[in-house]
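Order of the sequence lines fixes the chain letters, A, B, ..., with proteins taken first and strands second; residue numbering starts at 1 for each chain.
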Amino acid sequence: MEINVLLFELALTFYFIAAIMGVIELFRRRKTVSKTTGYLALAGFLFHSVNIIARYIKGGHIPVTNLHEAASFMSWCIVLLFLLHEYRYKLGLLSSFIMPIVLIFMLSSSIFPREIKEISPLLRSYWFGIHVILAFMGNAAFAMACGIGIMYLIQERYVKSKRLSGLFLKLPSLQSLEEINYHLITMGFPLLTLAIISGVIWANTAWGTYWRWDPKEVWSLITWLIYAIVLHLRLSIGWRGKKAAILSILGFALVMFTFFGVTLLLKGIHVFN
Amino acid sequence: MQILVIGLNHKTASIEVREKFAFDNEKLGEALKILKASGLTSENVILSTCNRVEMYAGVKDLDSGIEGIKDFLAGFHNVPKKALEEALFILHGSEAIRHVFRVASGLDSMVLGEPQILGQIKDAFDFSLKNKATGALLNKLMKKTFSVAKRTRTETGIGKGAVNISYAAVELAKKIFDDLSTKTFLLIGAGEMGELAAKHLINNGVKDVIVTNRTYERAEKLAAEFNGRTVRFEEYMQELKHIDIIISAVDVRKHILTKEDIHGVMKARKQKPVYIIDISDPRSIDPEIDKLDNVYRFDIDNLRGIVDVNEEERKKEAQKAENIVTSEVESFLRWQESLSAVPTIVALRDKAEAIRKDELEKTLKKLGPMEEEQIKSIEYLTISIVNKLIHPPTSALKSEDEDKELLIDTVRKLYALEVKKENEEE
């Protein structure tokens, strides 16, 4: 078996176990949350990093040129953010909500063809690297915001229904969830903005036009608008808490659609072939 | 040596009776001295709390130990023995061990699983240790007790979930807010109930305290106590947009805060969350407020509901804790058993018998074919030699001697006996 395949499968396996354990954690009656999922994710992340670096060296560019690579790189970005948050905030149950999202990307990645493709010299530009990293990190931040938004909604349900049992005990406080959700969106939004700008510049160098109303461009713009609205409403009239959580889940649904749906259904120049 | 537990607690005696028998620290030292001098008990730990006065003792003779402690208690506290006997419970053997384990685990407490009792037992034991009132048996029992209490508390949920209203309110606050010390808290109504609930919040980190009350002087007094400030009752509405936590404890027959009031406040504070605890009876805050986002309102019934659920939960968990206690009692009994003479005697006999058989077989082989009668004689000879040799140590072990433990140990060493011993768990 090729070493790259092995690394990918190892990463997938660790993420898989972490996601399953994360979900099991939701149903365990113990009040304390196990740290094992975090370590499993870290182990998967290390293999995954080597896999991505190997593909980078082999292909000579950031490996996002087909759906296999793109979905895999997306999971990598989410796990990176997850590990940073896990380390920094130690939120109970974070892995139970983030690792399944990671797993969705990883499993999708595993079903697409894996060969490393030459990319057309047209696309070879350092703008490509900047555009890709900004876009993927931005979307990864939105993925995290979505997971945390779900946690917020569950905890909010418990408090509003005045029940202090079950997950209530394990989930973090509403305030921390709310603040981290907000901070992720304030991080994802400028990244997405810059990704669009760098994409526009790159498009001009590659094709000579700034904007081509390609489906992915359109849907990214819609996503960008949603998050712009989230931020605007929060700052102006205090749309926070439940409403912000729901919007961040919707926003990420759009990200997912742009990622998979547009590529598979609508096709265009952005297709990761 | 046997474990004896004698005492009275909230299940057997009223508070008036318990008070009569309570020991303060000074009396405790004196009591331990008297007991030691009397020789009725060999080891003593006395646990004296507001709910129980219990003596854990190691005695050589059960009956004289029981009578001795009864006389001592009656005499020491100057109460007729008969009155004492009515309130007393007496346990020995496995039931005594179980009792100590259960008390330390909070299984015997009024509030199931409450944690203070473990500390109180630790203090009582430390006091006895310092006064050299304990020995091998109680030291072992106490050590085991602490590890059992740790097990029941970590392996079961017997101590989890708030079981009084103030605690439940704080538990909620911590799940709504991240850091209570940065929150502003308004107490409406400076009565006793409000004061109590406010104290809990303040003990858990709330610093910025505002008190309002119909009688301003009372508000000022309480605010001073809390290091907070006051606002006039007519004016607290204007403050609301800065307030994160409200406790309302007022005696009014109407809603002092309506949904419309709070709706306006939420707009003014850009939807920053507000936590409202309404401990007034009847309610002083409109329950319709629940429909607003980012406002978390709890009234006294809600909090009681939470406490009830937690109590039920603790009761379920208590069964698990009881199972742990049972298995730990068994393991303690096995340890005690290994200390008794019986296994040593059995081991001694077995060893002698093994040697006898072995040597007999060798000799018979050497001697060659013999009459049945002759073989029997030789066998009888070996049996009587062995019996005569092991009789004195066996009867010494069986006697109730002062230094029985030492004797057992010596016999084991002299004859190189291996007695199955309960593995020490610590």
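Comparing A/Glu156, A/Lys162, A/Arg163 by how many heavy-atom pairs each has under 4.5 Å with chain B, the most go to A/Lys162.
With respect to the salt-bridge test (charged N to carboxylate O, under 4.0 angstrom), the residues B/Asp290 and A/Lys160 do not qualify.
Within a 6.0 Å sphere centred on NZ of A/Lys90, heavy atoms belonging to other residues, nucleotides or ligands number more than 12. Heavy atoms of other residues, nucleotides or ligands lying less than 6.0 angstrom from OH of A/Tyr89 number more than 12. A 6.0 Å sphere centred on CD of B/Glu192 holds no more than 12 heavy atoms belonging to other residues, nucleotides or ligands. Crowding of A/His232 atom NE2: a count of heavy atoms from other residues, nucleotides or ligands under 6.0 Å not exceeding 12. More than 12 heavy atoms of other residues, nucleotides or ligands sit less than 6.0 Å from atom NE2 of A/His183. For B/Lys272, the NZ atom sits in a loose shell: 12 or fewer heavy atoms of surrounding residues, nucleotides or ligands are nearer than 6.0 Å.
There is no contact between A/Glu178 and chain B, counting heavy-atom distances below 4.5 Å. No part of B/Glu155 comes within reach of chain A, as not one of its non-hydrogen atoms sits under 4.5 angstrom from that chain. Contact annotation for A/Tyr158: neither backbone nor side-chain heavy atoms come within less than 4.5 Å of a heavy atom of chain B. Contact annotation for A/Leu164: both backbone and side-chain heavy atoms come within less than 4.5 Å of a heavy atom of chain B. Neither the backbone nor the side chain of A/Leu177 comes within less than 4.5 Å of any heavy atom of chain B.
Looking at B/Lys270, its side chain does come within 3.5 Å of a backbone N or O of A/Leu235 through a donor-acceptor pair. Looking only at distances, no side-chain donor or acceptor of B/Lys174 sits under 3.5 Å from a matching main-chain atom of A/Ser173.
Nearest approach of B/Lys175 to A/Leu169, heavy atoms of both residues: NZ-O, 3.0 Å. Between B/Asp293 and A/Lys243, the shortest heavy-atom distance links the atoms OD2-NZ, 3.6 Å. Nearest heavy-atom pair across B/Asp179 and A/Gln175 is N-OE1, 3.8 Å.
Residues of residues 296-313 of chain B having a heavy atom under 4.5 Å from any heavy atom of chain A, listed by number: B/Tyr296, B/Arg297, B/Phe298, B/Asn302, B/Ile306, B/Asn310, B/Glu313.
The distance from atom NZ of A/Lys242 to atom CG of B/Asn294, rounded to the nearest 0.5 Å, is 9.5 Å. To the nearest 0.5 Å, atom CG of residue A/Leu174 and atom CG of residue B/Leu172 are 10.0 Å apart.
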